[in-house]
Amino acid sequence: MIDVVYFAWVRERIGLPRERIETEAATVADLVEELRGREERYAAAFADTSALRVALDQELSEFDADLAGVREVAFFPPMTGG
Amino acid sequence: MIDVVYFAWVRERIGLPRERIETEAATVADLVEELRGREERYAAAFADTSALRVALDQELSEFDADLAGVREVAFFPPMTGG
Amino acid sequence: MKISVQEGPFDAGAELDAFSHGRHEVGAIVSFTGIVRDRAGGLVRMEIEHYPGMTEKAIAEIAEQAKARWQLADLLVIHRHGALPLGQPIMMVATAAAHRRAAFDAAEYLMDYLKSRAPFWKKEVTRTGEHWVEATPEDEDALSRW
Amino acid sequence: MKISVQEGPFDAGAELDAFSHGRHEVGAIVSFTGIVRDRAGGLVRMEIEHYPGMTEKAIAEIAEQAKARWQLADLLVIHRHGALPLGQPIMMVATAAAHRRAAFDAAEYLMDYLKSRAPFWKKEVTRTGEHWVEATPEDEDALSRW
């Protein structure tokens, strides 16, 4: 079980801010592949991962990173603070 | 007749902030030469003009500048504002 | 070191005064205030979303790096989230250092990193619609200075 | 554009608030405050001499150049003279621009030029004596950036 959270237009496209997912995915990329296969709104949100950023347990990470031991995965567009 | 004003340690060495001088000096350098010849305190203040700056009618200038038409000459060390 | 991620407004002048008060060891204080601006025309408000938990951690990390690198006597970061009307302060940083160059550089560093590495997202709501502000290549390029 | 050469104190926070108030056209405001610092130890006060008349003209010229070069919406320069105790603000600049880079660069430019081209001289009065602060080669080198 892993918590997956979404922000900004990723959240809007998928239609929810957070969900708990039962997954066997080994890496972030595997998880993205799995989510893409679920429904059209996921496919739309994850169409181009180069436009996305990922954080694992609230630390910026990469799409090829391992999910072992991770409790929270976050997907969002590049930040625009400041 | 020309007004000559002094600031910071130039003022302190010469011992006065401002004086009116009757001079035939054509350039700032000529004026400095004339002042140096007056008294020891002027010689001390103008010993090294590379350590000094000059302004003519309140605009930064150079020691080889012409004094024609100038009403006020100011001598001071490099600025240290800010 | 004060770091605040908050929904409510703040008073930049009062923050600057509190930050500067009683400093005998520093010669230079720099502040930056970011304000909601009408970039395209017709802006009604700005909405700022963030990632509670990660935001505070990311800012603390950026702040610690700036503090160590420029030997800052102190620094301040305030960043708002939620709905902000035109002309309102979005965020503020302040730095205190012995010399002006360190204070300026550290403040610019904080801004560059907050912009691209702290999890905030801005949405502009205009009279004709709404859209997410996009990060620009310049935002990312700014980091290469450091 | 506010330029003030004054003997009395000023409140940097109140100045920043007044400067920032009601701005809808700018996204970025940068301020710098210079504070009397005890560099060597034993400082009693700082005395700042200036050249009345030339000071105002020199600052106005520097300010106009910064305003034009970075298309500033506004700027502020306050510089004190006379005797200033430890910890007191000596001077302040503020800049308002559409983007943060312009606001930062213009503020640094103002500081670099005020330091070496506006006719102010600082004397440090310490418990053991007094001496004029000397300009450093770095002060002059700073101008070559622009």
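Convention: sequence-line order gives letters A, B, ...; per-chain numbering from 1.
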Parallel, tilted or perpendicular, as decided by the 30° and 60° cut-offs, for the rings of C/Phe104 and D/Phe104: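 Because their plane-to-plane angle is over 60°, the rings of D/Phe104 and C/Phe104 count as perpendicular.
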
Report the option among [options] that has the most heavy-atom pairs separated by less than 4.5 Å from atoms of chain C.
options: D/Ala103, D/Gly13, D/Ser31; answer: D/Ser31
options: D/Arg101, D/Glu138, D/Met111, D/Arg23; answer: D/Arg101
options: D/Gly34, D/Gly27, D/Ala12, D/Gly87; answer: D/Gly27

Which atoms of [X] approach chain D - backbone, side chain, both or neither, heavy atom under 4.5 Å:
X: C/Ala94; answer: neither
X: C/Ala14; answer: backbone
X: C/Ala142; answer: side chain

Within 6.0 angstrom of D/Gln71 CD, more than 12 heavy atoms from elsewhere: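 No, the 6.0 Å shell around CD holds no more than 12 heavy atoms from other groups.
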
Heavy-atom neighbours of C/Arg127 CZ exceed 12 at 6.0 Å: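 Atom CZ in C/Arg127 is not crowded, with 12 or fewer foreign heavy atoms closer than 6.0 Å.
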
Using non-hydrogen atoms only, which part of [X] is less than 4.5 Å away from chain C: side chain, backbone, both, or neither?
X: D/Glu108; value: both
X: D/Ala96; value: neither
X: D/Leu16; value: side chain

Can you tell which of [options] has the highest number of heavy-atom pairs within less than 4.5 Å of chain D?
options: C/Arg37, C/Met92, C/His21; value: C/Arg37
options: C/Asp38, C/Val36, C/Asp11; value: C/Asp11
options: C/Pro89, C/Ala18, C/Ala98; value: C/Ala98

Minimum-distance pair of heavy atoms, taken over all atoms of C/Val30 and D/Val30: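 Residues C/Val30 and D/Val30, closest heavy atoms: CG1-CG1, 4.4 Å.
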
